[in-house]
Undergrad: 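Encoded as structure tokens, here's the structure I'll be asking about.
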There are 2 protein chains.
Amino acid sequence: MTSAHQTSQAGRATERIPLEEIERAIMQISWLAQRQFMQLLDEDRFRVTLPQFYTLIYLQQAGEECKMSDLADSTHQSAASLTGVVDRLAEKLLVDRTRHKRDRRQVMVVITVRGIELISEIRLARREQMQMALGQLSEQEIDTFLHILDQVLSGMVRVIERGEGGRLA
Amino acid sequence: MTSAHQTSQAGRATERIPLEEIERAIMQISWLAQRQFMQLLDEDRFRVTLPQFYTLIYLQQAGEECKMSDLADSTHQSAASLTGVVDRLAEKLLVDRTRHKRDRRQVMVVITVRGIELISEIRLARREQMQMALGQLSEQEIDTFLHILDQVLSGMVRVIERGEGGRLA
DNA sequence: ATGATATACTTAAGGACATTGAATATCAAA
DNA sequence: TTTGATATTCAATGTCCTTAAGTATATCAT
């Protein structure tokens, strides 16, 4: 057709400098993974957004009440954004909000049963998408991949936490 | 702290369904990678957003004029969103807009020299972040990682393109 | 206690983008 | 010319981001 479609990343006998290639691949995967996941979350049966989902996931993993500020740190959202996100989750009855008994300034958030159910449905649907995307990998490759991903993950946490603290500190 | 992350090292061999773990890792990495990259793009010297950046990147790789609709498809944005994104890129003089000579309905977009310069500065900064995140990997691991990433990437493209077409078609 | 500070969170205002549906302009034919 | 398809923009609405200001509540020094 109109050409201009060439993904241009296929062939090219990668001239060494694999770090650059990894950078490209991670960026593209992140972009695609988010888009792809957004599509899923936007289906009528779910109707949540990415920040809402990641917030919910964290609450479910935590398994107990969380302070707003801890939740904001852990999900890498600003406190101001999180207020809105939790508002919408509470409207949908996916989380409950209460005040801390001793320190009434603190707002505590818990996931509801309904929230837990929603998450497990989303995970199920997500898994189907993933199986398609990962279908080509051998079992050996999957193990290796997982191991490397975890290392990259911890590296990223380091980078993002450095950036979030004081940019001038 | 930011815990609740524990991967819970499996004792038994492949009883674990590592696909679930990979799913978790990819979601977390995508989320973090986007947040981390947003921080970077939001610095005063850049001041672009993620959709703007990915649009710019595509235009640079294409190397020539692109139709709005092709650009929307390729970057996985809706035509309506893309209009706004390109508006803002054009305001910053990072792209130029013209009409197709024969078919005046079509709007053609090209990246400007200034746009190309900006991209290469961003890439440079990005690489430094990446080196931090990937610092722990051996050369062998990097090669393997890259190979697997490319396979995952093509799997994802398949998934997202299936979802985007007609949900009812 | 009183007043000053620190904290935890919300609110407010403005920008970017997403979605949806309607509007516009152009092309291509019947 | 009317009709219909195509290419893009516009308008309305909602979510989320950032920054700055505002409201409680807690804590500490006096």
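In what follows, every chain begins at residue 1, and chains take the letters A, B, ... in the order their sequences are listed.
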Undergrad: Could you tell me the separation between the CG atom of B/D44 and the P atom of D/dT19, rounded to a whole number of Å?
TA: 10 Å

Undergrad: Answer yes when B/R24 and B/E21 have at least one side-chain N-carboxylate O distance shorter than 4.0 Å, and no when they do not.
TA: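 B/E21 and B/R24: salt-bridged.
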
Undergrad: List, with names and distances, any nitrogen or oxygen atoms from the protein found under 3.5 Å away from nitrogen or oxygen atoms belonging to nucleotides 10-13 of chain D.
TA:
none

Undergrad: For the side chain of A/S69, counting heavy atoms from C-beta on, which of C/dC9, C/dT19, D/dC17 is nearest?
TA: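 Between C/dC9, C/dT19, D/dC17, the one nearest the side chain of A/S69 would be C/dC9.
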
Undergrad: Starting at atom CG of A/L71, determine the distance to atom C1' of C/dT10, rounded to an integer number of angstrom.
TA: 15 Å

Undergrad: Within this structure, what is the CG-to-P distance between A/L50 and C/dT19, rounded to whole angstrom?
TA: 12 Å

Undergrad: If you pin A/L82 and B/S78 to their nearest nucleotides in DNA chain C, which one's is more 5'?
TA: A/L82

Undergrad: Side chain of A/P51: nearest nucleotide among D/dC17, D/dT18, C/dA8?
TA: D/dC17

Undergrad: Output all residues satisfying side chain to side chain donor-acceptor pair (under 3.5 Å) with B/T75, sequence neighbours left out; order by chain, then residue number.
TA: B/Q77

Undergrad: For the residue pair B/F53 and B/F46, is the inter-centroid distance of their aromatic rings smaller than 6.0 Å?
TA: no

Undergrad: In whole Å, I'd like the distance from the CD atom of B/Q77 to the P atom of D/dT8.
TA: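 In whole Å, D/dT8 P and B/Q77 CD are 14 Å from each other.
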
Undergrad: B/R47: what forms a side chain to side chain donor-acceptor pair (under 3.5 Å) with it, not counting sequence neighbours?
TA: B/D42, B/D44

Undergrad: Have a look at A/R47 and say if it touches a base, only the backbone sugar-phosphate, or nothing, with a 4.0 Å heavy-atom cut-off.
TA: nothing

Undergrad: Check this for me, if you would: do B/K67 and B/D103 make a salt bridge, where the nitrogen-to-carboxylate-oxygen distance has to be below 4.0 angstrom?
TA: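 B/D103 and B/K67: not salt-bridged.
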
Undergrad: Could you pull out all donor-acceptor pairs under 3.5 Å where a side-chain atom in residues 78-90 of chain B meets a protein atom, sequence neighbours excluded?
TA:
{"residue": "B/S78", "atom": "OG", "partner": "B/S81", "partner atom": "N", "Å": "3.1"}
{"residue": "B/S78", "atom": "OG", "partner": "B/S81", "partner atom": "OG", "Å": "3.0"}
{"residue": "B/T83", "atom": "OG1", "partner": "B/A79", "partner atom": "O", "Å": "3.3"}
{"residue": "B/D87", "atom": "OD1", "partner": "B/R97", "partner atom": "NH1", "Å": "3.4"}
{"residue": "B/D87", "atom": "OD1", "partner": "B/R97", "partner atom": "NH2", "Å": "2.5"}
{"residue": "B/R88", "atom": "NH1", "partner": "B/G84", "partner atom": "O", "Å": "3.3"}

Undergrad: So, are A/E23 and B/R127 salt-bridged, with charged N and O less than 4.0 Å apart?
TA: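 Counted as a salt bridge, because a side-chain N and a carboxylate O are separated by less than 4.0 Å.
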
Undergrad: Just the rounded figure in Å: distance from P of C/dA18 to CG of A/L41.
TA: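 For the pair A/L41 CG and C/dA18 P, the rounded distance is 15 Å.
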
Undergrad: Between atom CZ in A/R99 and atom C1' in C/dT10, what is the gap in whole Å?
TA: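 A/R99 atom CZ is separated from C/dT10 atom C1' by 9 Å.
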
Undergrad: Could you check how far OH of B/Y54 sits from C1' of C/dA16, rounded to whole Å?
TA: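 That distance rounds to 17 Å.
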
Undergrad: Heavy-atom contacts under 4.0 Å between residues 100-109 of chain A and DNA chain D, which residues?
TA: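 Within residues 100-109 of chain A, the residues near DNA chain D are A/R102, A/D103, A/R104, A/R105.
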
Undergrad: Send over the distance from A/M38 CE to D/dT15 C1', rounded to a whole Å.
TA: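 In whole Å, D/dT15 C1' and A/M38 CE are 11 Å from each other.
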
Undergrad: With no hydrogens and no angle check, just 3.5 Å: does a side-chain donor-acceptor pair link B/S30 and B/Q34?
TA: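 No, because no side-chain N or O of B/S30 sits under 3.5 Å from a partner of the opposite role on B/Q34.
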
Undergrad: If the condition is salt bridge (charged side-chain N to carboxylate O under 4.0 Å, His left out), which residues does A/R45 pass it with, not counting sequence neighbours?
TA: A/E43

